[in-house]
There are 4 protein chains.
Amino acid sequence: MREMVGKIDLNCDLGESYGRFKLSLDEEVMKYISSANIACGFHAGDPVTIRRTVRLAVENNVEIGAHPGLPDLLGFGRRWIETTPEEIENYIIYQIGALEAFAKVERVKLLHVKPHGALYNKAADDERIAKAIIKAIKEYDENLILVGLANSKLIEISKKYDLRYAAEAFADRAYDKRGRLVSRKLPGAVITDPNHIVKRAVEIVEKGEVETINGEKIKLGEIHTICVHGDNPRAVEIAKILRKKLIEIGIEIKHMAEIVK
Amino acid sequence: MREMVGKIDLNCDLGESYGRFKLSLDEEVMKYISSANIACGFHAGDPVTIRRTVRLAVENNVEIGAHPGLPDLLGFGRRWIETTPEEIENYIIYQIGALEAFAKVERVKLLHVKPHGALYNKAADDERIAKAIIKAIKEYDENLILVGLANSKLIEISKKYDLRYAAEAFADRAYDKRGRLVSRKLPGAVITDPNHIVKRAVEIVEKGEVETINGEKIKLGEIHTICVHGDNPRAVEIAKILRKKLIEIGIEIKHMAEIVK
Amino acid sequence: MREMVGKIDLNCDLGESYGRFKLSLDEEVMKYISSANIACGFHAGDPVTIRRTVRLAVENNVEIGAHPGLPDLLGFGRRWIETTPEEIENYIIYQIGALEAFAKVERVKLLHVKPHGALYNKAADDERIAKAIIKAIKEYDENLILVGLANSKLIEISKKYDLRYAAEAFADRAYDKRGRLVSRKLPGAVITDPNHIVKRAVEIVEKGEVETINGEKIKLGEIHTICVHGDNPRAVEIAKILRKKLIEIGIEIKHMAEIVK
Amino acid sequence: MREMVGKIDLNCDLGESYGRFKLSLDEEVMKYISSANIACGFHAGDPVTIRRTVRLAVENNVEIGAHPGLPDLLGFGRRWIETTPEEIENYIIYQIGALEAFAKVERVKLLHVKPHGALYNKAADDERIAKAIIKAIKEYDENLILVGLANSKLIEISKKYDLRYAAEAFADRAYDKRGRLVSRKLPGAVITDPNHIVKRAVEIVEKGEVETINGEKIKLGEIHTICVHGDNPRAVEIAKILRKKLIEIGIEIKHMAEIVK
C-alpha cells in the first residue's frame with residue numbers, strides 16, 4: 001500500500017426520513033463515510049429516525065454532527081425563507097440541542113454542525129445569516145466544528161470569530177465560477193456518474209481545485225471534508241468506490257475533528 | 001410574620017406562544033411562581049419564544065423545566081394520539097434536548113420535566129406510557145425531577161425506578177373521585193374564581209386533600225408543587241394572591257428541587 | 001373471452017408523496033385500477049403532488065376520489081387522535097374541498113370519498129365518528145359515494161342516512177373474525193405474495209368471503225371495490241396480475257359509480 | 001342624511017386562529033365590514049375555525065373571500081419563501097377549494113380571493129408570482145374577484161388577463177413613495193390611532209390619495225376596498241367609527257362585487 005500522503009473526511013447527510021416518508025439509504029452508506037450530518041426535524045428527520053440514525057453511526061464508528069435546516073418540511077429546507085438573524089440563531093440552537101440529546105443517550109459526542117440546504121447556501125454569501133449561525137454555535141458549544149462551503153463567507157467569518165471550521169467540497173455538484181453550487185433547479189447541477197464524481201473528488205483532494213459548469217478550473221483552497229449525497233440512487237456505490245479510490249492514492253479517511261486545527 | 005411551617009413549589013406552564021400566535025401572560029405571572037414548565041415546540045412553543053421565556057425565567061429567578069407534549073399543534077397536545085412507547089420515549093428526549101439547549105446558552109440548569117396535556121393525563125394511568133417517559137428522562141439525565149399528578153401511575157413508577165419526582169396538585173382543576181383531573185370538555189372542569197382556587201390550594205398544602213367535582217374529599221398525599229395555569233385570563237391575579245396567601249399561612253414558596261428528596 | 005359475470009372496482013391510495021418525500025408508484029399502478037383515492041394534504045399529499053396525481057388519473061381514465069385523513073403527517077394518519085365529531089366533520093369538508101379544487105381545474109368530477117388510515121378503521125366501529133364523516137359528505141355533496149369497510153358501522157349508517165356507499169374489501173390485508181383489518185403492527189397483517197393476494201381477491205369477488213388470520217372463512221357480503229395498496233414494493237405487479245385474473249374469470253373492472261346503486 | 005356620493009367595500013382578514021391559538025376579534029369586527037378574507041389553513045386558520053368564521057359572516061351578511069397564504073404557520077405567512085410559480089399556483093388552488101367547501105356547506109358563494117402577507121406583497125412587484133396567482137384563480141373560477149394592492153403589478157396583470165379585480169388601500173399601514181406598504185419590521189409601518197386611520201381612509205376614498213411615511217401625497221387611483229386589520233387591539237373600535245364616518249360623508253359600504261365592474 002502507498003504511503004498515506006493526506007487526510008480527508010467523507011461526510012453524508014443522513015436521517016432524512018420523516019415517519020413513513022423514507023429518504024436516503026442510511027444503513028448502507030454509513031459503512032463508507034467518516035461523518036454523518038443528521039437532520040434535526042425542521043426540514044427532515046423525526047425523533048425516532050434521529051435515534052435510529054445515531055445508533056447506526058455509532059455501530060459504524062461514524063462521527064455525528066447536527067444538520068439543522070429551515071422549518072420547511074414541504075420544501076425540504078431548500079427554499080430560502082426571509083427569516084431574521086434572531087430566528088436563524090434560535091432555530092440552530094434548538095436543533096443542535098435536540099440532536100445532541102440523542103448523542104447523549106447513545107453515549108457519543110456531537111462534534112460538528114453543518115447547516116442544510118437554503119441555509120447553507122445563503123450563509124455562503126450573506127454575512128448576517130453567516131454570523132447568526134456562528135453566534136448560535138459559539139453560544140451553545142464553542143468546541144463544535146462548523147462545516148461550510150470552501151471559500152464562503154461562512155468560512156471567512158468563522159476564522160474571524162475563531163470558530164473551528166471544516167471547509168467542504170462537493171464532488172457531485174456543479175460549481176459556478178465564483179465557487180458557489182449551481183442551483184439544483186438548473187440542468188447539470190447534480191452529477192450522477194460515479195466515475196466522474198470520483199475523478200472530481202481526487203482532483204479536489206490532490207490539487208484543491210474543481211472544474212466549473214463552464215469548464216474552467218477554479219481553486220477551492222484547503223478542503224477538510226467531501227460531501228457524498230445519500231439521496232443519490234447510486235449513493236452507496238459512489239461512497240464505496242470513492243473511499244476505495246482515495247485510499248488507493250494515499251489519502252486517509254478520517255473524521256474532520258482529526259483534520260481541522 | 002408567622003413561622004414557616006412548610007414549603008411548596010408554584011409552577012406554571014409557559015412559553016406557549018407559537019410565532020405570532022400568542023398564548024399566556026408569561027411576563028406577569030413569572031413574578032409569582034418558582035418553576036416554569038416551558039413548551040418545547042411540539043404542542044406549542046417555538047425557538048424564539050423558548051429563548052425569550054428562558055431569559056424571562058432567569059430574570060425572575062424562576063427555575064426552568066421542559067414541558068414536552070405530543071406533536072399536535074392544532075390540538076395543543078390535548079388530544080391523545082395512539083403512539084408507541086418508542087415514539088413517546090424519543091419525542092421526550094428530543095424536546096428535553098431542544099429546551100436544554102436554551103438553558104445552556106442562557107447559562108442556567110434544566111431541573112425538571114413535566115409532560116404536557118394528553119401525555120400527562122395518559123401517563124397517570126397507562127403504565128407503558130409512564131415507563132416510556134421515565135425511561136427517556138433516565139437515559140437523558142437521571143438527575144432531572146419528573147413532575148406528575150399526585151397518586152398517579154407516573155409517580156408510582158418513578159418511585160419504583162428511583163427517579164426523583166414532584167407530586168403535583170391542581171387548585172384550579174376539578175378532580176374526580178379517583179384523583180384524576182376531570183376532562184376540560186366537561187362543565188366545571190376548570191375553576192376560575194380566584195378565591196375558590198386559593199381556598200383549594202390552602203387545603204391541598206395544609207391537609208393534602210381536595211374536594212372532588214361531586215363534593216367528596218379525597219386524599220392527595222404528599223404534594224410538592226401546585227400548578228397555576230397561565231392561560232386563565234385572571235392567571236396573574238390568581239398567582240399573586242395565591243403566593244401571598246400561602247406565605248401568610250406560613251408556607252415558603254421554593255423551587256421543587258429544594259423540596260423533593 | 002368468457003362472458004362477463006360480474007363487476008368490481010379496483011381502487012388504490014395514491015398521491016401520497018409530500019414534497020421531496022416520495023411514496024407510492026403512482027405512474028405505474030394507475031394503468032391497472034379504476035379508482036384513485038388521492039391524499040388531501042393532512043396525512044400525506046401536497047398541492048403540487050395532488051395536481052400531478054389528478055392529471056395522471058385523467059390520462060389513465062381513472063376516476064378520482066378524496067382520501068381525507070387525520071392531521072398527522074408524522075404518523076401518516078395511521079394513529080388515532082382523540083378528536084371530536086365536530087373536528088372530524090370539518091377536517092373532511094376541508095380536505096374534500098381542497099381535492100375537488102384540483103378535479104375542477106383539470107375538468108373532471110370528484111366521485112367518491114374514502115377515509116384514510118385510523119379514520120377509516122375508527123369509523124368501522126365508532127358510531128359518532130362514522131356519523132361525522134357521513135354528515136360532512138352529505139353537507140358537501142350528497143351525490144358522492146362513501147367508501148367504507150364491508151360490514152362496518154360506516155356502511156351500516158350510510159344505508160340508514162341514504163348516502164351512496166361502496167363496500168370495500170382488502171385482498172392484501174389480514175382480517176380478524178369480526179371482519180376488521182388486523183393492525184399493521186401485528187405480524188401477518190399485510191400480505192405481500194402476489195399469488196396469495198390474487199387468490200383472495202377472486203374469493204372475495206366470487207363468493208363474498210375471505211379467510212381470517214386464524215384460518216376461518218367469514219362472509220363479507222356485497223363488495224363493490226377492492227383496494228390495491230400502492231405502497232407495496234410489488235404494487236404494480238400485483239395490480240397488473242389482479243386485473244388480468246379478474247377479467248379472465250369474467251369480472252369487468254368498472255369504476256364504483258357504475259357499480260353501486 | 002347626505003346623498004350617497006360613492007361606494008366602498010370594507011374588508012378584514014379573519015378566521016386567523018389556529019386551534020387554541022386565538023387571533024383577531026372576529027365576532028365583533030364582523031358587524032362593521034362588508035367582506036371577510038378568511039384564512040385557509042396555510043399561514044393561519046383551521047377547519048373548525050373556518051367553519052365558525054363562515055357562519056359568522058353569513059349571520060352578519062358579510063361576503064366571503066379566500067385569503068390564501070404561504071405554508072408557514074410559524075411565520076404567519078409574512079416571510080417570503082422562494083417558491084416556484086407552479087408551487088404558488090397549486091397552493092392557491094388548494095386553499096381556495098378548501099375555503100369554498102365551507103361556503104358550500106353553509107350555502108353561500110365565495111366571491112373573492114385576496115393573497116395574504118408575503119404573497120400579497122411579492123405579487124405587487126413580481127410578475128411571475130402575480131401571474132401564478134391569476135392563473136390559479138382563472139383556472140379555478142374565472143368569476144372570482146382578485147383583491148390586490150392598488151397600482152400593483154398584480155392589478156396591472158389582472159387587467160391584462162381580463163380577471164375581475166378590486167384595488168385595495170390600507171388606511172392603517174404606512175406607504176412608501178412607490179405606493180408599496182412599508183415593511184412591518186420598520187418603525188411607523190402600522191398606524192394605530194383610530195382618528196388618524198379614519199382621516200386617511202376618507203382621503204383615500206374621496207381623493208384617491210394617501211400620505212407616505214415621508215409626508216408626501218401619492219395618487220392611489222381607483223380604490224374599491226379598504227382593509228381594516230382585525231388583529232389591531234382597537235380593530236373593532238376602528239371598524240366601527242370608520243364605517244360611521246364614511247356613511248356620514250355620503251359613502252355607501254357595499255361588498256366589492258357590487259363595486260367592481
Side-chain angles (χ1 to χ4, degrees), chain B residues 12-27 37-53 67 69-81 95 98 102 116-121 173 183-185 189-190 192 229-235, chain D residues 12-27 37-53 67 69-81 95 98 102 116-121 173 183-185 189-190 192 229-235:
Chain B
C12 186
D13 304 342
L14 293 168
E16 295 183 330
S17 295
Y18 186 75
R20 247 199 94 219
F21 298 94
K22 301 296 174 205
L23 272 187
S24 53
L25 303 156
D26 297 3
E27 285 78 0
N37 319 307
I38 302 177
C40 305
F42 273 36
H43 70 280
D46 66 85
V48 173
T49 296
I50 295 173
R51 182 77 177 261
R52 196 176 296 146
T53 310
H67 198 205
L70 293 169
D72 179 19
L73 199 64
L74 179 52
F76 195 65
R78 287 191 176 158
R79 312 185 289 197
W80 176 246
I81 301 175
Q95 293 180 77
F102 292 95
H116 165 84
L119 194 54
Y120 183 92
N121 291 322
R173 288 289 303 276
S183 164
R184 284 175 181 272
K185 291 179 188 165
V190 179
T192 53
H229 279 102
D231 58 340
N232 184 319
R234 300 177 71 178
Chain D
C12 186
D13 304 342
L14 293 168
E16 294 183 331
S17 295
Y18 187 75
R20 248 199 93 217
F21 298 94
K22 301 297 174 203
L23 272 187
S24 54
L25 303 155
D26 297 3
E27 285 80 0
N37 318 307
I38 302 177
C40 304
F42 273 36
H43 70 280
D46 66 85
V48 173
T49 296
I50 295 173
R51 182 76 177 262
R52 197 177 294 145
T53 310
H67 197 205
L70 292 170
D72 179 20
L73 200 65
L74 180 52
F76 196 65
R78 287 189 176 159
R79 313 186 287 198
W80 176 246
I81 300 175
Q95 292 180 78
F102 292 95
H116 166 83
L119 194 54
Y120 184 91
N121 291 324
R173 288 290 303 276
S183 164
R184 284 174 182 273
K185 290 179 188 165
V190 179
T192 53
H229 279 102
D231 57 342
N232 184 318
R234 300 176 71 178

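A, B, ... follow the sequence lines: proteins, then strands. Residue 1 opens every chain.
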Contacts of B:Arg173 that satisfy side-chain hydrogen bond (donor to acceptor under 3.5 Å, both in side chains) - sequence neighbours left out: none

Residues which pass side chain to side chain contact (heavy atoms under 4.5 Å, CB included) with B:Thr49, listed by chain and number, not counting sequence neighbours: B:Ser17, B:Asp46, B:Thr53

Aromatic plane relationship, B:Phe21 with D:Tyr18 - under 30° parallel, 30 to 60° tilted, over 60° perpendicular: tilted

Chain B contact residues among residues 71-79 of chain D, heavy-atom distance under 4.5 Å: D:Leu73, D:Leu74, D:Phe76, D:Arg78

Residue list, ring pair (Phe, Tyr, Trp, His ring centres under 6.0 Å) with B:Tyr120, at least two apart or on another chain: B:Phe170

